[in-house]
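Here the structure is laid out as structure tokens; the discussion comes afterwards.
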Amino acid sequence: MSPLENTYLAPTAFAQRVYAALQQVPAGRVTTYGWLAHAVGVKSAQAVGQALRRNPFAPAVPCHRVIAADLHLGGFHGARAGTPLAHKRQLLADEGVLFDAQGQLVEPWRLWSGQKTMPQSPMVFS
DNA sequence: ACCGTGACGGCGA
DNA sequence: TTCGCCGCCACGG
């Protein structure tokens, strides 16, 4: 492919910081767009979504382990619904992340504490 | 250089 | 509780 018809966009410096932080998240655990944003030093979780949206290194860079703060699944391969999301849920399930009968994420921390806001410190929770 | 657009998050109605 | 609005900020057109 000639340089002129190469449409591949190299990751920006910002995206690379996001990917690097994301690699800290082990299989079977998840983080959120917001915590990831905090980890790379920006206040916009949306900007993190921008970077993950075009992640060229999936699933080596485990963007399927990033969910939204309200515990909905977020997106996958640019899609916010449909089969890509089923795939994302399956990847997580295969790693041992728990889902209930309704397909909703079961989040142990919430079950233990009963709180409705996110804990401050850990970037990763299960 | 400017502007609209999100794989978001949180607060108020 | 759900819904809308607005602040957030990197990116692409």
Side-chain angles (χ1 to χ4, degrees):
Chain A
M1 182 180 278
S2 80
L4 285 180
E5 55 187 328
N6 178 13
T7 56
Y8 172 77
L9 271 54
T12 63
F14 172 75
Q16 292 182 40
R17 276 194 285 141
V18 172
Y19 301 152
L22 177 50
Q23 302 227 37
Q24 313 272 295
V25 182
R29 301 272 177 130
V30 295
T31 188
T32 71
Y33 299 97
W35 286 350
L36 216 39
H38 182 76
V40 300
V42 299
K43 285 175 284 188
S44 173
Q46 227 172 11
V48 169
Q50 284 274 275
L52 295 183
R53 181 167 206 279
R54 302 182 294 275
N55 171 18
F57 307 120
V61 172
C63 53
H64 60 285
R65 297 182 194 140
V66 186
I67 64 172
D70 66 359
L71 303 188
H72 89 267
L73 233 40
F76 198 55
H77 292 325
R80 306 170 58 121
T83 52
L85 266 290
H87 184 24
K88 180 173 184 173
R89 184 161 51 243
Q90 187 59 54
L91 285 172
L92 291 172
D94 289 347
E95 295 181 352
V97 175
L98 302 176
F99 292 86
D100 64 22
Q102 285 71 241
Q104 296 305 112
L105 185 68
V106 173
E107 195 258 302
W109 157 82
R110 172 171 285 187
L111 295 180
W112 298 333
S113 70
Q115 295 178 34
K116 296 192 171 64
T117 54
M118 282 195 297
Q120 291 306 304
S121 51
M123 188 182 84
V124 177
F125 68 104
S126 59

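Just so we're on the same page: letters track the sequence lines, and every chain starts at 1. Keep in mind that this is a model prediction, so the values were computed, not measured. We use all heavy atoms of the structure for the numbers below, so side chains are in, but hydrogens, waters and symmetry mates are not.
Summarising the geometry, the separation between CG on Leu52(A) and P on dC11(C) is reported as 12 Å, rounded to the nearest angstrom. If you take CG of Leu71(A) and P of dT2(C), they are 13 Å apart, rounded to a whole angstrom. Summarising the geometry, the separation between NE2 on His38(A) and P on dC9(C) is reported as 14 Å, rounded to the nearest angstrom. When rounded to the nearest whole Å, the span between CG of Asn55(A) and P of dC11(C) equals 13 Å. What separates CG of Asp70(A) from C1' of dC8(B) is a distance of 9 Å, to the nearest Å. The CZ atom of Phe76(A) sits 18 Å away from the C1' atom of dC8(B) (whole-angstrom rounding).
Summarising the base pairing, dC8(C) is matched to no nucleotide, lacking a Watson-Crick or G-U wobble pair whose two defining distances lie under 3.5 Å.
Each of Ala15(A) and Ala45(A) was matched to the nucleotide of DNA chain C holding its nearest heavy atom; the match closer to the 5' end belongs to Ala45(A).
Of all nucleotides listed (dG9(B), dC8(C), dC11(C)), dC11(C) comes nearest to the side chain of Arg54(A). Considering only the side chain of Tyr33(A), dC8(B) comes nearest among dC8(B), dC9(C), dC11(C). Minimum atom distance to the side chain of Val42(A) is reached by dC9(C), of the listed dG9(B), dC11(C), dC9(C).
Looking at every heavy atom in both residues, Leu71(A) comes nearest to Leu105(A) through O-CB, 4.1 Å. Here the shortest heavy-atom pairing between Leu52(A) and Tyr33(A) reads CD1-CE2, 3.8 Å. Nearest heavy-atom pair across Leu85(A) and Gly74(A) is CD1-O, 3.1 Å. Listed here is the closest heavy atom pair of Asn55(A) and Val61(A): ND2-O, 3.1 Å. In terms of heavy atoms, Ala37(A) sits closest to Ser44(A) at CB-O, 3.8 Å.
Across all strands shown, Arg17(A) has no heavy atoms under 4.0 Å from either base or sugar-phosphate atoms.
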Could you go over nucleotides 2-6 of chain B and give all protein N or O partners under 3.5 Å, atom names and distances?
from: dG6(B); atom 1: N1; to: Gln46(A); atom 2: OE1; distance (Å): 3.4

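Under the 3.5 Å distance criterion, the side-chain polar atoms of Lys88(A) are left unmatched by any main-chain donor or acceptor of His77(A).
Annotation: the span from Gln23(A) atom CD to Arg65(A) atom CZ amounts to 9.5 Å, rounded to 0.5 Å.
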